[in-house]
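Letters go in sequence order (proteins before strands), and every chain restarts at 1.
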Amino acid sequence: MKRSSAEPVIISPAFFQREPLVCARELIGAELVWGECAGVIVETEAYLAENDEACHAFFRPSVREFIERNRGGAAYIYLNYGVHWMLNVLVKGGSADGFVLIRAMEPTRGLELMKQRRGVESERQLCSGPGKLTQALVITKADDERDLCSDPSHCFRLGDRAPVEVVADERIGITRAADFPWRFTLRGSPFVSRAVKRPFVDS
DNA sequence: ACACGGATACTA
DNA sequence: AGTATCCGTGTC
């Protein structure tokens, strides 16, 4: 994707009509805007709708139906361990459908608001995990199926900065297909949920 | 190390 | 209805 424009531009549906792994990698360094708050995405994971046992679509008919009725760029949100909301983006229309789980970001705007919601002062603890991120941004089931490509206050944006260095690693916390290196992090970022274990590739 | 806690999809 | 499972966080 081009990053040549002078000002940050909302990521369009075409971005999410490619392979989930490409989308997950290219969202690293992108900005996530949510109301008054925003941050730079530093950690994502890719999940494939087919042949990926860690993806909800593998076992849940309701998620396969979600994929059917939504376009790429729609938010898929679910409750994990009965405690935390998880923010995913639907990727659809390329060679394979799937999701990108947004796992962590470096906060840039609305810091005080996020500190209040999280109940912590440390900036690196505000959004350094998928559950922390949704708590800081107040993302809930009410945002499920939200179109993240049309509303300027709930979207992803790409700036014109130089390409970032991305490290791939194994996905976190899953029991099946756990060895796929489909977790992507911004190299050296202190805002990730966990340190990288086995760096797989760089870009 | 462990408690916390709800949606989803099975079984019957 | 009951049961197994689940992409986490905070505190012990």
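Between A:Lys132 atom NZ and C:dT11 atom P there is a gap of 11 Å when expressed in whole angstrom units. Atom CD1 in A:Ile172 sits about 17 Å away from atom P in C:dC6, given to the nearest Å. Rounding to whole angstrom units, CZ of residue A:Arg103 and P of C:dC7 are separated by 10 Å. Remark: P of C:dC6 and CD of A:Glu53 are 10 Å apart, rounded to the nearest angstrom. Atom pair A:Arg176:CZ and C:dT5:C1' shows a separation of 8 Å (rounding to whole Å applied). Between the P atom of C:dC7 and the CG atom of A:Leu48 lies a distance of 15 Å, rounded to the nearest Å. Distance, A:Leu133 CG to C:dG10 P: 12 Å, rounded to whole Å. For the pair A:Ile174 CD1 and C:dG8 P, the interatomic distance rounds to 9 Å; values are reported in whole Å.
Nucleic acid contact class of A:Arg194 (heavy atoms, under 4.0 Å, all strands): none. Counting any heavy atom pair closer than 4.0 Å across all strands shown, A:Tyr78 reaches a base atom. Among the heavy atoms of the strands lying under 4.0 Å from A:Leu101 is at least one base atom, whether or not backbone atoms are also near.
Around CZ of A:Arg124, the count of heavy atoms belonging to other residues, nucleotides or ligands within 6.0 Å does not exceed 12. Heavy-atom neighbours of A:Glu145 CD from other residues, nucleotides or ligands within 6.0 Å: above the threshold of 12.
The phosphate of C:dT5 has neither OP1 nor OP2 within less than 4.0 Å of any side-chain N or O from A:Thr175. When the side-chain nitrogen and oxygen atoms of A:Arg183 are compared with OP1 and OP2 of C:dC7, none of them lie within a distance under 4.0 Å.
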Test salt bridge (Lys or Arg N to Asp or Glu O under 4.0 Å) on A:Arg60 and A:Glu65; report intermediate values, then the result. CA-CA 9 Å; A:Arg60 297 188 180 186; A:Glu65 291 166 10; over 6 Å; no
Between A:Glu106 and A:Ser189, does the side-chain hydrogen bond (donor to acceptor under 3.5 Å, both in side chains) criterion hold? Intermediate values first, please. CA-CA 8 Å; A:Glu106 175 180 349; A:Ser189 172; 5.0 Å; no
Evaluation steps, side chain to side chain contact (heavy atoms under 4.5 Å, CB included), between A:Glu170 and A:Trp182: CA-CA 6 Å; A:Glu170 290 178 1; A:Trp182 292 351; over 6 Å; no
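A gap of 22 Å separates the C1' atoms of B:dA7 and C:dG10, to the nearest Å. To the nearest whole angstrom, the two P atoms, one in B:dG5 and one in C:dC12, are 15 Å apart. Comparing C:dT5 with B:dA12, their P atoms sit 15 Å apart, to the nearest whole Å.
Note that A:Arg171 lies in the cation-pi zone of A:Tyr47, set by a 6.0 Å cut-off to the ring centre and a 45° limit from the axis.
Panel note: side chain A:Thr134, backbone A:Trp85; a donor-acceptor pair is recorded below 3.5 Å. No donor-acceptor pair closer than 3.5 Å links the side chain of A:Asp169 to the backbone N or O of A:Pro181.
Ranking C:dT9, C:dT5, C:dG8 by closeness to the A:Tyr81 side chain, first place goes to C:dG8.
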Check: residues 91-99 of chain A side-chain donor-acceptor pairs under 3.5 Å, at least two apart:
from: A:Lys92; atom 1: NZ; to: A:Ile67; atom 2: O; distance (Å): 2.8
from: A:Lys92; atom 1: NZ; to: A:Glu68; atom 2: O; distance (Å): 3.2
from: A:Lys92; atom 1: NZ; to: A:Asn70; atom 2: O; distance (Å): 2.7
from: A:Ser95; atom 1: OG; to: A:Glu19; atom 2: OE2; distance (Å): 2.9
from: A:Asp97; atom 1: OD1; to: A:Gly93; atom 2: N; distance (Å): 3.0

Contact string for nucleotides 7-12 of chain B, one letter per nucleotide 5' to 3', B = base within protein heavy-atom range under 4.0 Å, S = sugar-phosphate only, - = neither, reads -SSS--
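Closest non-hydrogen pair, A:Asn51 versus A:Phe180, comes out as O-CE1, 4.4 Å.
Projected onto DNA chain C by closest heavy-atom contact, A:Arg118 and A:Tyr47 fall at different nucleotides, the more 5' of which corresponds to A:Tyr47.
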Output the pairing pattern of DNA chain C as a dot-bracket string, 5' first, Watson-Crick or G-U wobble with both distances under 3.5 Å, | for cross-strand pairs, [ ] for crossing pairs. ||||||.||||.
